[in-house]
Structures are given as structure tokens and as C-alpha cells.
Undergrad: 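Below are the C-alpha cells for one structure; questions will follow.
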Amino acid sequence: GHAARWLGVGDADEPVEVVLLRARTFTGLVLAEESGAPLAGVEVLAESGSWQGAAVTDRAGAFRLEGAPVGERVSLSALHPTRPGRTVEA
């Protein structure tokens with residue numbers, strides 16, 4: 001994965017050190033428990049100690065979350081407007 005970020009530099013004569021951290025990507029499907037059918041429009045929220053991410057499932061029930069820090073436990077929650085939510089740890 002990659003991330004873009006603008007860095008403000010106060011004094012152009014001073015060196016700037018940029019440290020890139022490894023990150024994880026989560027992909028998955030959200031399916032109806034009773035039928036196994038894909039659920040579109042479900043908000044998938046992710047949270048760790050230092051990171052938060054969000055995605056919405058597509059027509060196939062698929063989602064993708066990028067940028068989760070390596071080595072931290074991540075909690076994923078699926079929120080649907082008419083169905084009960086679920087949370088899992090990854």
C-alpha cells in the first residue's frame with residue numbers, strides 16, 4: 001500500500017526525515033447470515049490503538065481497508081441500517 005501526505009518544512013536548510021511504516025490491508029465480504037447473499041452498502045469500520053479506517057461494501061458485498069499498522073490488533077465492525085452489527089478482532 002501507499003499513502004500520500006504533504007509535509008510542511010519550516011526551514012529549508014534543515015533536513016527532513018521521512019519514516020515509512022509497513023501497513024496491512026484488509027479485504028473481505030459481508031454476507032447475510034441466513035442466506036449467504038452479499039450485502040451492499042454496509043459500513044465497515046476498523047480501529048486499532050493508533051489507526052481508524054472505514055469502507056462501504058460494493059454490490060458484491062466486498063470491502064477494502066488500507067493502512068492498518070502492522071503489529072496492532074484491529075477491531076472490524078460491520079454496520080447495516082436494518083440488520084444487527086458484528087465486530088471481529090483481526
Undergrad: Could you check if a side-chain atom of R24 sits within less than 4.5 angstrom of a side-chain atom of V74, using non-hydrogen atoms only?
TA: yes
Undergrad: If you take all heavy atoms of G53 and L65, which pair is closest and at what distance?
TA: C-CD2, 3.8 Å
Undergrad: Taking all non-hydrogen atoms of both residues, which atom of L31 and which atom of L39 are closest, and how far apart?
TA: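 Minimum heavy-atom contact is C-CD1, 4.0 Å.
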Undergrad: Give the minimum heavy-atom separation between E72 and G49, together with the two atoms involved.
TA: OE1-N, 3.2 Å
Undergrad: Got a second to check how far D58's CG is from F63's CZ, nearest 0.5 Å?
TA: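 Taking CG in D58 and CZ in F63, the distance rounds to 10.5 Å.
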Undergrad: Is T57 reaching over with its side chain to a backbone N or O of G41, donor-acceptor style, under 3.5 angstrom?
TA: yes
Undergrad: Check P38 against G61 and note the closest heavy-atom contact, atom names and distance.
TA: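 The answer is CB-N, 3.8 Å.
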Undergrad: Report the distance from atom OG1 of T25 to atom CD of E66, rounding to the nearest 0.5 Å.
TA: 4.5 Å
